[in-house]
Amino acid sequence: MNVHLHWFLPTGGDGRTLVDRHAYTDGGIKRSRITPVSGVRAPDIEYLAQIAKAAEQLGFEAVLTPTGTWCEDAWLTTVALAQHTERLKFLVAFRPGVISPVLAAQMAATYQRITRGRLLLNVVTGGDSTEQRRFGDHLDHDRRYARTDEFLSVVRGVWAGKPYDFDGEHYRVEGGLTALPPDPLPEIFFGGSSAAAGPVAARHSDVYLTWGEPPSAVKEKIDWIRGLAEAEGRTVRFGIRLHTISRDSSKEAWATADRLLDDLDPETVAAAQQALGKSESVGQQRMLALHGGSRDKLEIAPNLWAGVGLVRGGAGTALVGSHAEVADRIEEYHALGVEHFVLSGYPHLEEAYWFGEGVIPDLAARGLLPTVPASPLLGVPAANGRPASAPGGAPLLVAGGR
């Protein structure tokens, strides 16, 4: 079982700080309690294309594109970026409650043909009622998962290429059809830590995705979902969502983490924790419990740092350490059964290079990746006659990450 590496597209903006570009109060409308953020990079297509091209060059298989009020639309953004890349896949996040399942199946089929099979789907049921109501969704937490269950039944049903009928609580479909089914069928990534989420994951997901908890907690989740899937006669693979701070030495990596932490004033952390604490997401509550809003003892497991979650919703932990230490942790999760690693870092362009040039070769040397991605500059002489990657040659990274 090889490791599959994926990166992240910051379609809500990027920068050199953990402070979210969006407000945490009043449903994200007022911004008076948020510290002004400098050095923010707008998520324009040119910058996102830089990240996508870097991910492809460095050997990442796919990039995750988020969904939500503060993000550019994931479907439109990624199909545009597909024109700037050749092999990179796109893990498109979307909410099933705001789109027809038959239309979603049709969109996926069209996407696969346009990109020649580079679509993966990340189904986000939603754990924040305020956010859901913005999109016209007024169901409570558990009913949202029940609707997702029906939604994915319809999607898979109409992908069969023949008329499909469905009569459920949330959807009634008569003769639903995707005239030209997607080829290949997009893999479905799905996350959720609640009792309502588990059975849906077991019935429909190809990859169950968890946020970055300590290995012992991740093993409990894997055992839980694996048992539910076996009862359904299915096999589910597993993935994890983490940030990374990987450097040539452990000291450098932790210094970077400390700098990110120093950027956070108490008021910003308090505002973020207040807002995140209202989330109905069980996974979000588990993230908050890792640090309790405190800056003390943020290394909750070896090389696993919970500082990101002080101000960021969703994935709140980072692998921090030398390239070898980060590779050790990935190998540890992999031994538990984690196959897909969806990673990110601040800023996303530079951190892609730190990880890609530092950790990916180490993982390949351990036999966890099929090959070491070759640099396009390998063997190209610089003006002084030395290889471009050698000391004195042209730099591999010019955006400040090294």
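Below, each value reflects all heavy atoms present in this structure, side chains not excepted, and no hydrogens, waters or symmetry copies. We're numbering straight along the sequence, starting at 1.
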Rounded at 0.5 Å granularity, tell me how far CG in D258 sits from CG in L260. 9.0 Å

Of all the heavy-atom pairs spanning A108 and W159, show the shortest one and how long it is. CB-CZ2, 3.9 Å

Main-chain N/O of R172 paired to D167 side chain as donor or acceptor, under 3.5 Å: no

If I take atom CG from residue L9 and atom CG from residue L48, how far apart are they, to the nearest 0.5 angstrom? 6.0 Å

Donor + acceptor pair across side chains of H6, E61 (<3.5 Å): no

Please confirm whether the backbone N or O of T11 pairs with a side-chain atom of E72, one donor and one acceptor, at under 3.5 Å? no

L58 side chain near E357 side chain, heavy-atom distance below 4.5 Å: yes

For a side-chain contact (heavy atoms from CB on, under 4.5 Å) check, start with the C-alpha distance between K221 and S193, then their side-chain angles and the critical distance, and finish with the verdict. CA-CA 8 Å; K221 276 192 175 181; S193 299; 2.5 Å; yes

Is the shortest side-chain heavy-atom distance between E169 and R147 below 4.5 Å? no

Can E252 and S249 be counted as having a side-chain donor-acceptor contact under 3.5 angstrom? yes

Separation between CD1 of I245 and OG1 of T256, rounded to the nearest 0.5 Å: 6.5 Å

Do N2 and L369 touch side chain to side chain, with heavy atoms closer than 4.5 Å? no

Hey, are the side chains of V3 and L5 touching, using non-hydrogen atoms and a 4.5 Å cut-off? yes

Under 3.5 Å, is there a donor on one side chain and an acceptor on the other for S281 and R286? no

Please examine the side chains of L368 and H334, heavy atoms only from C-beta on, and report whether any two atoms are closer than 4.5 Å. yes

Selection residues 224-235 - residue pairs positive for salt bridge (charged side-chain N to carboxylate O under 4.0 Å, His left out), sequence neighbours left out: R203-E232

Roughly how far, to the nearest 0.5 Å, is the CZ atom of R41 from the CD atom of E46? 14.5 Å

Is there a donor-acceptor contact under 3.5 Å from the side chain of T178 to the main chain of L180? no

Please check if the side chain of S153 supplies one atom and the backbone of D149 the other of a donor-acceptor pair under 3.5 Å. yes

Test side-chain contact (heavy atoms from CB on, under 4.5 Å) applied to R16 and D263, step by step: CA-CA 10 Å; R16 297 179 177 275; D263 286 342; over 6 Å; no

By the ring-ring contact (aromatic ring centres under 6.0 Å, His included) test, which pairs, at least two apart or in different chains, include something from residues 161-187? none

Does CD belonging to Q106 count more than 12 external heavy atoms closer than 6.0 Å? no

Shortest non-hydrogen contact between A160 and P181, atoms and distance: C-CG, 4.4 Å

Could you check whether any side-chain N or O of W224 sits under 3.5 Å from a backbone N or O of G198, counting only pairs where one atom can act as donor and the other as acceptor? no

Given the rule in the side-chain contact (heavy atoms from CB on, under 4.5 Å) test, do V155 and V102 qualify, once you have shown the distances and angles that lead to the verdict? CA-CA 6 Å; V155 167; V102 178; over 6 Å; no

Between the CG atom in D206 and the CG atom in L121, the distance rounded to the nearest 0.5 Å is 9.5 Å

Specify the closest pair of heavy atoms between P182 and Q112, including all atoms of both residues, with the distance to one decimal. CB-CG, 3.7 Å

Are K219 and D223 ion-paired here, with the side-chain N under 4.0 Å from a carboxylate O? yes

Taking all non-hydrogen atoms of both residues, which atom of A253 and which atom of G321 are closest, and how far apart? CB-O, 3.3 Å

I would like to know whether E56 and K53 meet salt bridge (Lys or Arg N to Asp or Glu O under 4.0 Å); could you show each step before the answer? CA-CA 5 Å; E56 182 171 74; K53 290 178 179 179; over 6 Å; no

Not counting sequence neighbours, which residues clear side chain to side chain contact (heavy atoms under 4.5 Å, CB included) with Q285? List them please. S279, L288

Closest contact, heavy atoms only, V236 versus A229: CG2-CB, 3.6 Å

Heavy-atom check, side chain of P214 versus side chain of L290, under 4.5 Å: yes

Can you tell if the side chain of P215 reaches within under 4.5 Å of the side chain of L336, non-hydrogen atoms only? yes

Please check if any side-chain donor atom of T125 sits under 3.5 Å from a side-chain acceptor atom of T148, or the reverse. yes

Counting only heavy atoms from other residues, nucleotides and ligands, does the tally under 6.0 Å from CZ of R113 exceed 12? yes

Residues 182-219 vs ring-ring contact (aromatic ring centres under 6.0 Å, His included), sequence neighbours excluded, gives F189-H340

Distance-only donor-acceptor check, side chains S250 and E325, under 3.5 Å: yes

When every non-hydrogen atom of S246 is compared with those of E351, the smallest separation belongs to N-OE1, 4.2 Å

Restricting to ring pair (Phe, Tyr, Trp, His ring centres under 6.0 Å), what partner residues turn up for F8, sequence neighbours left out? H348

Is the shortest heavy-atom distance from the side chain of R366 to the side chain of D362 under 4.5 Å? yes

N303 side chain vs V320 backbone, donor-acceptor pair below 3.5 Å: yes

Spacing of NE2 belonging to H291 relative to CH2 belonging to W305, to within rounding of 0.5 Å: 10.5 Å

Side chains of residues 79-90: which donor-acceptor pairs under 3.5 Å do they make with residues two or more places apart or in other chains?
unit_1: Q83; atom_1: NE2; unit_2: V79; atom_2: O; d: 3.2
unit_1: T85; atom_1: OG1; unit_2: L81; atom_2: O; d: 3.1
unit_1: T85; atom_1: OG1; unit_2: R118; atom_2: NH1; d: 2.9

Between D137 and R133, is the salt bridge (Lys or Arg N to Asp or Glu O under 4.0 Å) condition met? List the steps. CA-CA 5 Å; D137 180 13; R133 287 194 295 269; over 6 Å; no

Could you go through the side-chain hydrogen bond (donor to acceptor under 3.5 Å, both in side chains) check for Y346 and D14 one step at a time? CA-CA 7 Å; Y346 297 89; D14 200 10; over 6 Å; no

Decide side-chain contact (heavy atoms from CB on, under 4.5 Å) for L119 and V92; before the verdict, give the C-alpha distance in whole Å, the side-chain angles of both, and the deciding distance to 0.1 Å. CA-CA 7 Å; L119 174 66; V92 174; 3.6 Å; yes

Quick check: does any side chain N or O of R295 sit under 3.5 Å from a backbone N or O of L261, one acting as donor and the other as acceptor? yes

Is a side-chain donor or acceptor of Q132 paired with a backbone partner of H138 at a separation under 3.5 angstrom? no

For the pair R144 (side chain) and L139 (backbone), establish whether a donor and an acceptor sit closer than 3.5 Å, ignoring hydrogens and angles. yes

